[in-house]
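Only one structure is covered here, and it is reproduced in the block below.
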Amino acid sequence: MNIIKSVAAMSLGMLMAVSCASGNSANQATEGELAPAEALRVRLDSVAQSGKVMMGHHDDPVYGHAWAWESGRSDMLETAGDYPAVMSWDLGGIEFADSANLDGVSFDLMRREVAAQHGRGGVNTFSWHLRNPVDSADSWQVSDTTIVEKILTDKAVGERYDAMVKNLAAFFNSLKDRDGNKIGVIFRPWHEHTGSWFWWGEKLCTPQQYKDLWKRTRELLDAEGVDNVLYAYSPDRVADDAQYMERYPGDELVDIMGIDVYHFGGADGKDRYVTDASRGLEIVTRLAKEHGKIPAFSETGLEGLTMDGWFDGVLLPLLKQHPVAYVVVWRNAHDKPGHFYAPFKGGPNEESIKAFRADSITLFAEDMVNY
Ligand code: BMA
């Protein structure tokens, strides 16, 4: 489909010139036939070059505000009028081969929805709120400040961790389209590490340990034959370039440079959000250009949409000022009434998401036919 079209338009030389952090896939590229990670890179690059931004939403097609597991439904579809261009998912639980993730999304359903999103021309991205390999406590358990160190230095913990990554690899390798071809996706491990709320956060490991953890994970996935993944680096809000780059694992291990910045405090918190997000996005877009990477607003949102006009009045101007390939807003929980970041039918910001979609720079699923 569209992938083939855009790929066919590029010469092999051009493809080789695109900075390559995804294993050896570019070498395998022949004209008209491209490894899935490279095909995805070409598409994301062309979105970024065109100055457009793909809209994303976490867990969009599997549940929403006050509904769950109803095939075909989507809060974005029911308000903006289309599925988002990017579906975001979380793999927490795959490390122990659970059948569903930490929010109850079955991995079989996720696999089917990833293929459906790919089929409609959209993109899929994954975060990983994994449990730790020491005592299996969840990502937010930060009382043990030595988990990363133990993965790297304790043989038994390291082996347990490697087994967890193998389960992750099996999932990525199982993402296939209707014809049995692997689907290219984005993986965003060890996110928000400039905060200290996850066991891999800033105060929980040294910069070198963080980089070593990333490298170990990446090398294992490569060894397991995972060739359909682009890797996204996504700190939480940062003060400056130095903080953004402090734990950057290296150009050869990263494809996408992103940032997570949330809006807290409704209308009163708007100025702070705009300041922090602008600073972060300015850093991301500039450094991504310097490093030959794809820029992204990897997570954002205002929980409960407690001010009017958030999408067209707050988010859109940020995206116009700092062009990124995609933006993701977090989930609309079906079982926690105030925990939502996208509009839903009859809820706040319905008009705002319509205006956001109507803007010429935003891309939803139907628009992806051009990329
Ligand atoms: C958080 C919240 C949690 C959820 C987690 C992983 O930000 O939405 O409820 O379990 O993300 O999706």
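We're numbering straight along the sequence, starting at 1. Note that ligands are numbered from 1 as they come in the structure, with each ligand's atoms numbered from 1 the same way.
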Measure from every N or O atom of ligand 1 to the protein's N or O atoms and keep only the pairs below 3.5 Å, writing each with atom names and distance to 0.1 Å.
residue  : atom   : partner : partner atom : Å
ligand 1 : 7 (O)  : Trp330  : NE1          : 3.2
ligand 1 : 8 (O)  : Trp330  : NE1          : 3.0
ligand 1 : 8 (O)  : Arg331  : NE           : 2.8
ligand 1 : 8 (O)  : His339  : NE2          : 2.6
ligand 1 : 9 (O)  : Arg331  : NH2          : 2.8
ligand 1 : 9 (O)  : Lys336  : NZ           : 3.0
ligand 1 : 10 (O) : Asp103  : OD1          : 2.6
ligand 1 : 11 (O) : Trp330  : NE1          : 3.1
ligand 1 : 12 (O) : Asp103  : OD2          : 2.6

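In this structure, Asp236 has no salt bridge (charged side-chain N to carboxylate O under 4.0 Å, His left out) partners at least two apart in sequence or on a different chain. With sequence neighbours excluded, the residues forming a salt bridge (charged side-chain N to carboxylate O under 4.0 Å, His left out) with Asp82 are Arg357, listed by chain and number.
In this pair, Phe198 and Trp140 present their aromatic rings perpendicular. The plane angle is above 60°, beyond the 30 to 60° band. Taking the six-membered ring where the residue is Trp, Phe344 and His65 present parallel rings, their angle staying beneath 30° rather than reaching 60°.
Judged by the 6.0 Å and 45° rule, Arg111 forms no cation-pi pair with Phe171.
Listed by chain and number, the hydrophobic cluster partners of Val142 are Leu204, where partners are ILVMFWY side chains within reach of under 4.5 Å, directly or through others.
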